[in-house]
Amino acid sequence: MLIHHICIQTNSYDLSKDFYCNILGFQLISETANFHGRGYNSWLREAGGFMIELQTAKAGGQFSPACKEAEGLAHLCFLVEDVEVEARRILAAGYDHFRRKDGHAVYEVLGSKLCKVVAPEGTIIELRDTAEL
């Protein structure tokens, strides 16, 4: 079994689309306006083939913000070549919404470096450069 995609709902469509495409490097492959009553339903794909379905609320609706105490998906993790280089690249692109530990965007957990960047809609994106747990 392989993961095909995840669906991320957003109240900040343009900011979220910009983040996933211009900060994380996903490619917009389909953008459908007025999709089943939603403002937009779009598909974004990264180089390895993983996709995000990005969608807005139905007309007149608004999504509730995610919180740490919510049940379900806590974060989404991507394996990168070098987490320090990737964090610097994101900062250089003007995006500075990291979950910091002791003031640092990149920190160590159980001998492995990682960083967590928060997307405009609140999805926590973890970046690691080792697949070891």
Side-chain angles (χ1 to χ4, degrees):
M1 187 178 328
L2 296 173
I3 294 176
H4 182 265
H5 75 277
I6 63 164
C7 181
I8 297 175
Q9 300 183 130
T10 181
N11 292 321
S12 308
Y13 178 75
D14 290 328
L15 291 173
S16 293
K17 183 175 74 169
D18 181 68
F19 171 79
Y20 290 105
C21 292
N22 296 321
I23 302 298
L24 292 189
F26 279 72
Q27 178 185 6
L28 178 66
I29 58 171
S30 172
E31 183 174 51
T32 306
N34 303 313
F35 182 78
H36 296 284
R38 297 179 185 282
Y40 286 97
N41 190 83
S42 298
W43 290 89
L44 315 172
R45 182 173 37 222
E46 57 91 36
F50 179 76
M51 292 189 293
I52 293 174
E53 181 180 11
L54 187 66
Q55 58 184 216
T56 60
K58 292 193 175 190
Q62 191 80 350
F63 294 120
S64 299
C67 69
K68 282 174 59 170
E69 292 76 30
E71 186 174 25
L73 183 68
H75 67 265
L76 175 61
C77 183
F78 292 104
L79 192 60
V80 298
E81 191 169 314
D82 185 319
V83 71
E84 300 246 11
V85 169
E86 192 65 18
R88 285 194 300 271
R89 186 194 64 74
I90 291 169
L91 287 166
Y95 200 83
D96 189 19
H97 301 281
F98 286 87
R99 287 249 170 116
R100 297 178 187 277
K101 186 172 184 179
D102 299 325
H104 301 282
V106 176
Y107 51 92
E108 198 171 298
V109 175
L110 299 174
S112 178
K113 288 185 179 179
L114 62 91
C115 71
K116 291 182 178 177
V117 61
V118 182
E121 77 288 337
T123 304
I124 299 168
I125 307 295
E126 180 178 314
L127 304 174
R128 291 179 168 258
D129 56 15
T130 180
E132 303 301 316
L133 299 178

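Of the inter-residue distances, the one linking F26 atom CZ with W43 atom CH2 reads 12.0 Å to the nearest 0.5 angstrom. Here the CG-CG distance, from L28 to D18, works out to 11.5 Å after rounding to the nearest 0.5 Å. Rounding to the nearest 0.5 angstrom, the gap separating the CD1 atom in I52 from the OG1 atom in T10 is 11.5 Å. Rounding to the nearest 0.5 Å places CG of L54 at 10.5 Å from CZ of R38. Rounded to the nearest 0.5 angstrom, R128 CZ and C77 SG are separated by 5.5 Å. Separating the NE2 atom in H36 from the NZ atom in K58 is a distance of 8.0 Å, to the nearest 0.5 Å.
By the neighbour-count criterion of 12 heavy atoms within 6.0 Å, atom CG of L110 is sparsely surrounded, having that number or fewer from other residues, nucleotides or ligands. The environment of CD in E81 is sparse: at most 12 heavy-atom neighbours from other residues, nucleotides or ligands sit within 6.0 Å.
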Given I8 and E121, is the side chain to side chain contact (heavy atoms under 4.5 Å, CB included) satisfied, shown in steps? CA-CA 8 Å; I8 297 175; E121 77 288 337; 3.4 Å; yes
Run the numbers on D102 and Y107 for side chain to side chain contact (heavy atoms under 4.5 Å, CB included), then give the verdict. CA-CA 9 Å; D102 299 325; Y107 51 92; over 6 Å; no
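A donor-acceptor contact shorter than 3.5 Å is absent between the side chain of N11 and the backbone of Q62. T56 places a side-chain N or O within 3.5 Å of a backbone atom of G39 that can act as its donor or acceptor partner. Side chain of Y95 to main chain of V118: a donor-acceptor pair is present (N/O by atom type, distance under 3.5 Å, no hydrogens or angles). Although no hydrogens or angles enter the test, the distance criterion places a donor-acceptor pair under 3.5 Å between the side chain of R89 and the main chain of I23.
Ring pair Y13/Y40 is parallel by interplanar angle, where below 30° counts as parallel and above 60° as perpendicular.
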